[in-house]
Each structure stands twice: as C-alpha cells, then as structure tokens.
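Working notes, beginning with the structure itself.
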Amino acid sequence: MCGIVAYVGHRQAYPIIIKGLKRLEYRGYDSAGIALLNGDLSVYKKKGKVSDLEDSLDPKDLESTIGIGHTRWATHGEPNDLNAHPHYSSNGQLAIIHNGIIENYIALKKELESRGHVFKSQTDSEVFINFIEQIFTDLNCDLEEAVRIALQKVVGAYAIVILDKNAPNQLIAARKGSPMVLGIGDNEFLIASDATPIIEYTKKVVYINDYEIVSIKDGELSIKNINAETTQPYIQELDLRLDAIEKGGFEHFMLKEIFEQPRSIADCLRGRMNAQTGHLVLGGLIEYNNKVMNANRFLFVACGTSWHAALVAEYIFEELTRVPAEVEYASEFRYRNPIVHEGDVIFAISQSGETADTLAAIELAKSKGAMIYGVCNVVGSSIARASHAGSYTHAGPEIGVASTKAFTAQVTVLTMMALLIAEKKGTITAQRFHQLITELENIPAKVERALKSNDYIAELASEYVDSTNALYLGRGVNFPVALEGALKLKEISYIHAEGYPAAEMKHGPIALIDENMPVIFIATRDSGYEKIVSNIQEVKARKGKVIAIVTEGDTLIPTMADHIIEVPDTDELLSPLLNVIPLQLFSYHVAVLRGCNVDQPRNLAKSVTVE
Ligand code: F6R
C-alpha cells in the first residue's frame with residue numbers, strides 16, 4: 001500500500017512526481033504530499049486525493065529538479081494533513097517518504113523522545129526518519145551510512161526515499177518487503193513503487209532487491225546491500241506501453257479492464273497453446289517439470305479475488321489431474337504450522353505480486369522444502385522473483401482497484417497448467433484434451449459476446465441500486481464465481497453481499513430471503529443445472545428477486561427468474577471465464593449509479609503490502 005515516486009535530473013521534478021502519484025493512486029489515496037529541494041527543503045501535503053494536493057499548489061512556486069512524493073493508505077494514524085508524507089526529521093534537515101510498516105517504532109519512538117525528538121504525526125515513518133537523523137548526527141557519517149545502520153535496527157517493511165537539505169543532488173533509497181523500481185534515464189533517475197510513473201521517461205529499469213540501498217549522488221548511481229557491499233544493478237528493458245496505463249476512452253479503468261478481457265485472455269493464451277496442432281507449453285515449467293508432474297499435492301495460496309481464482313483452479317486441477325488440490329488463504333496459512341512436504345507444489349496466485357501475506361506464505365512453504373510456482377501479473381514483482389518457477393498472466397496493467405481481467409487471466413493460466421499436467425500424467429483422454437484446448441481458444445470470442453449484455457445490465461442495475469443486501473449462489477466450479485460476484489459488489493458499491501454454494505442456502509441463508517433480497521444465481525447449463533433450477537424455485541417460493549446467469553437459448557429458467565442474463569454455451573470447466581463477466585458488469589453499474597468511486601473504493605488499496 002502507499003505509492004512512492006522520486007525524481008532527480010535535469011527536468012522540473014514537480015510535474016513528473018504529480019503525474020507519477022496519479023498513476024500510483026490505486027495503491028492508496030487518503031492523502032498525498034511532495035517534498036522539493038531548492039535551497040530550502042519544502043514539504044507540501046494534504047488529506048485527500050493527489051488532485052486535491054495539486055489544486056492547492058501553484059507550480060510556479062515549485063521549481064526544483066529533485067523531489068519525492070507519496071500517496072498514502074493509512075496504517076498508523078488517521079488520514080489527515082499531519083500524518084500525510086513526506087515527513088521531516090526533527091531538525092528539518094531530512095525528509096522521507098515511506099511505504100511499509102516499522103513494527104518496532106514504539107520502542108524507537110520512546111528512545112528518541114528521551115533524546116529530545118518531538119513528533120508531529122502519529123506515524124511510524126516520522127519515527128523512522130528521526131531515527132536516521134539521530135544516527136546521522138551521532139556518527140557524523142554520510143547519509144547513506146546512517147540509513148544502512150538504521151536499517152539494521154528497524155523491524156518491518158519499507159520502501160523509502162530520503163532527501164537531505166544539505167545535499168541538493170542526492171537521493172537515498174532502500175527497500176525491504178515493499179516494492180521499488182529504479183528508472184535510469186539520460187542524466188536523470190526515477191524511483192517508484194511500480195514502473196508506471198517511469199515509462200514515459202525511460203524503459204531502462206532495475207528492480208531493487210530487499211536490503212539494498214540506492215544512492216544517487218551528483219548523477220552517479222551506486223547500490224549496496226545492508227552489509228555495505230556493492231551490488232551490480234541488473235538493468236532490464238521494460239515492455240510496457242503508455243496507452244496500457246491510460247483509460248482509452250472509458251469512463252473508468254474498471255470498465256476498460258472488463259472490456260479488455262477478450263484481449264487479455266487471448267494474450268494469456270498466445271504462444272502457449274494451439275488447438276490445431278495440440279501444442280500446449282508453459283515456458284516457466286520447463287526446469288521444474290518433473291517436480292510438478294510428480295507432485296503429491298497441489299496447494300494454492302492467495303488472497304481476495306486471486307483466492308477465488310485458486311478455488312476455481314482447485315476444481316479444475318482435481319478433475320483433470322486427479323492429484324489432491326487444496327486452497328488456502330495466504331493470511332491463515334502463514335500463521336499456523338501447516339503440513340507441507342517436499343512433494344508438494346505450491347501455486348502462489350497474485351495479480352500485483354506484492355501481497356504481503358502471499359509473499360510470507362511462500363517463504364514459509366519454501367522453508368519446508370516445497371516448490372513454489374508463481375502466477376503473477378506484474379512482471380518483476382516480489383512474488384514472481386521469490387518463486388522457483390512461474391507463469392505471468394500477461395493481462396496488462398490492472399489499475400482499477402477491483403480486480404477483473406486479472407481473475408480471468410489467472411483462471412486461464414491455471415487451466416492451461418492443469419491441462420498440461422493431466423496430459424503428461426495421462427489422466428485425460430486425447431479427445432477430452434483436444435476438446436478443452438479448442439474450447440479454451442474460443443473463450444476470447446465468447447467473452448466478447450458476453451460483453452454485449454452491457455447495456456441491458458446497466459438498465460437492470462438501476463432496479464437494484466437501492467438494495468442493501470444481495471446473495472450470490474452457484475454450484476461446483478461456479479461456486480467461487482458466486483464468491484467473486486459478491487466481493488465485486490460489496491467492494492465497489494458498499495452493498496452487503498454474500499456468496500454461497502447454492503446447496504448451502506437451506507442451511508441458513510434462506511432465512512434472509514424476502515421480497516427485498518436480490519439473489520443472483522449462476523445457472524448455466526452444466527451438471528448441476530437441475531439442482532440449481534430447484535434452488536431458484538425455493539427462492540421464488542419465498543418471494544426473493546432472482547437474477548439468473550443462463551446459457552444462451554435457455555427456455556426453462558426465464559419462466560421462473562425475474563431477470564436473466566445470457567452468456568454463450570461453453571464447457572462446464574471453462575464456464576467461470578464467461579459467467580464472471582455479467583457479475584463484473586452488474587457490480588460496476590450498480591456502483592456507478594450509487595455515485596461510488598469505482599476505481600478507488602473507500603478504505604481499499606490495490607496492492608496489500610501490509611499484513
Ligand atoms: C478484489 C481485489 C483484492 C485482491 C487481493 C489480492 O477485487 O482486488 O481482493 O484480489 O488483494 O491481490 P493480489 O492478487 O495482487 O495478490
């Protein structure tokens with residue numbers, strides 16, 4: 001959570017930092033601030049969005065070729081001007097931006113207070129910069145050394161950048177556990193939480209590793225580890241287009257990303273699968289092929305929407321590979337003493353590749369000898385790098401906070417993986433394999449068709465805009481889709497929603513049903529169709545309002561449901577890829593009609609880099 005941007009070079013820093021913060025606003029948006037150095041070290045910060053900060057400033061007063069900026073998702077201290085970053089040290093010489101949490105800040109704060117430091121905010125970050133200032137003063141060393149010593153004593157996670165009033169051409173940065181990318185341009189450097197603020201200026205980037213300290217002084221770059229040993233930066237060329245991170249004519253990123261799914265699923269399949277030749281390959285698997293093929297168990301760890309994708313995968317893996325599969329919330333897995341064997345293969349699923357709980361679950365599983373296969377969207381992310389092997393989802397940047405195209409891309413990659421394993425193990429017939437890869441290739445065009453219901457769904461949404469609750473029901477591989485539909489609605493429209501396996505309704509939730517309760521059924525033609533039809537009748541008998549997602553041409557359910565939304569026919573195992581589309585659109589339109597900030601829902605952030 002929180003986004004950081006820093007610039008030093010020959011251009012004006014302020015416009016670059018403001019633009020960068022807007023691109024990172026998905027990471028947190030309760031306050032924003034910048035610090036610029038031009039003789040004085042000046043900090044400007046404000047509660048609210050980056051645009052509120054921008055509106056309060058006049059760029060004419062902000063001339064400087066070096067600066068740092070921050071957009072915050074509050075952890076310590078409520079969102080207000082004082083708790084916003086950057087934070088000065090007590091003597092006003094240093095300013096810091098920080099993404100992460102310093103866990104031992106209370107003890108450090110007490111010690112610093114006893115030495116005369118006075119704190120203006122409630123943040124751990126202000127304690128951090130004062131701790132650095134104290135070491136800097138005590139040792140009379142250079143700032144980089146003071147930072148290095150401080151980092152040996154702090155416990156927690158950080159991506160920090162520091163400005164020193166007395167060093168007009170210097171940025172010191174460091175990372176542990178929170179993401180940081182360095183951009184190297186012509187006589188200029190940028191540092192950011194991800195590459196989106198950087199790509200306009202340079203495509204050359206270095207992903208900073210944990211415990212590395214970056215020092216940029218008078219145009220010279222050096223990177224050292226926490227033991228003061230110099231490390232060689234691994235410079236990579238970014239493959240990211242500017243238009244991929246812009247709205248492209250859509251009103252919101254979320255809608256753009258929903259509509260991108262025919263393309264993002266096709267990109268995910270591209271070069272990996274060809275139904276005509278029967279070719280299916282996942283490059284990331286090659287080195288660990290034997291380990292995966294001989295796994296005793298597949299264990300999926302993830303959070304949120306990625307956890308729902310993992311639940312879909314559980315059905316598909318067990319059905320096709322006949323190897324036991326289990327799904328765990330990363331946040332639960334990491335805090336018990338899970339039984340993990342060397343023969344286990346752990347799939348870590350994450351759009352951002354930065355989710356703190358998923359990262360910690362990986363480290364725990366690794367320590368128990370398991371092999372980790374990462375399925376991430378963000379190239380070069382921490383989870384991608386912490387995994388032994390992996391496949392990217394290639395969905396392109398997902399900027400709307402509510403995950404949409406990442407989900408379908410994750411399910412697509414995991415389906416290919418299950419097919420590959422099943423084929424190698426001989427747990428699938430050649431005919432079924434061919435049938436499934438042919439149908440998988442048809443999915444992008446079928447998603448395109450499912451998107452045609454958009455206008456109808458917008459109308460339907462207006463009937464449910466004032467609902468206070470909603471129930472989502474599905475069976476089998478579409479039970480996780482019900483969970484995902486409910487999550488989408490609650491997170492962006494703030495309507496309480498629950499997802500349930502349809503058969504569980506009788507064990508409790510049925511008590512909720514009355515004429516005010518919308519019940520969204522995933523009722524496409526599959527092996528559970530007749531059972532779902534009975535469930536719909538049970539809801540109708542209690543006067544619930546039924547919205548049913550049905551297969552094109554269904555004639556039975558339209559006679560019972562209040563509303564139907566059609567999706568194209570497909571194989572049951574692939575149906576989540578189509579059935580989730582109307583649910584994404586429904587939540588989007590309800591949220592827009594309720595006047596909610598769809599791309600930046602309250603209290604949320606795109607990457608949950610704190611536990
Ligand atoms: C929901 C959503 C979150 C994320 C979760 C995991 O729309 O976006 O639930 O799915 O925070 O994030 P990643 O996939 O980045 O690990």
Side-chain angles (χ1 to χ4, degrees), residues 1-3 24 26-28 73 177-179 193-194 252-255 257-258 261 264 300-313 327-334 346-362 372 374-387 390-393 395-411 413-414 472 480-481 483-495 497 499 580 583-588 591 596-611:
M1 343 278 269
C2 301
L24 290 179
Y26 70 86
R27 301 180 62 84
W73 186 87
S178 300
S193 300
D194 72 26
H252 296 100
F253 280 112
M254 182 180 176
L255 191 62
E257 288 157 7
I258 293 173
Q261 289 174 106
S264 54
F300 297 84
V301 290
C303 301
T305 289
S306 298
W307 184 76
H308 297 156
L311 284 176
V312 172
V327 182
E328 295 261 8
Y329 279 119
S331 55
E332 289 296 316
F333 178 82
R334 65 178 287 196
I346 312 283
F347 285 92
I349 324 288
S350 175
Q351 186 287 129
S352 62
E354 301 296 344
T355 300
D357 284 322
T358 310
L359 204 47
I362 290 180
I372 315 293
V375 176
C376 297
N377 193 36
V378 177
V379 175
S381 55
S382 303
I383 292 174
R385 290 186 295 147
S387 303
S391 295
Y392 285 115
T393 46
E398 191 180 66
I399 294 173
V401 164
S403 193
T404 52
K405 64 175 178 172
F407 173 81
T408 45
Q410 288 164 343
V411 171
V413 165
L414 291 165
Y472 285 73
V481 178
L483 294 178
E484 176 59 7
L487 176 61
K488 286 288 91 80
L489 189 71
K490 62 189 150 195
E491 69 183 330
I492 62 168
S493 73
Y494 319 139
I495 293 174
V580 76
L583 304 186
Q584 295 170 344
L585 287 169
F586 182 70
S587 60
Y588 170 79
C596 301
N597 186 339
V598 174
D599 283 336
Q600 294 172 347
R602 69 183 180 206
N603 305 339
L604 291 177
K606 184 80 183 155
S607 309
V608 184
T609 53
V610 294
E611 57 178 285

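For ligands, and for the atoms within them, numbers begin at 1 and follow the listed sequence.
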Between Thr393 and Lys405, a side-chain donor and acceptor under 3.5 Å: no
Do we see a donor-acceptor contact under 3.5 Å between the side chains of Ser381 and Glu354? no
Side chains of Lys488 and Leu583 in contact at under 4.5 Å (non-hydrogen atoms): no
Between Gln261 and Thr404, is there a side-chain donor-acceptor contact under 3.5 Å, judged purely by atom types and distance? no
Students should find this: residues with any non-hydrogen atom under 4.0 Å from ligand 1. What is the answer? Cys303, Gly304, Thr305, Ser306, Ser350, Gln351, Ser352, Thr355, Val401, Ala402, Ser403, Leu487, Lys488, Glu491, Val608
Test ring pair (Phe, Tyr, Trp, His ring centres under 6.0 Å), reference Trp307, set Phe300, Phe407, Tyr329, output is Tyr329
Holding to side-chain contact (heavy atoms from CB on, under 4.5 Å), I want the full list of residues that pass it with Ser306, two or more places apart in sequence or in another chain. Ala302, Ile349, Gln410
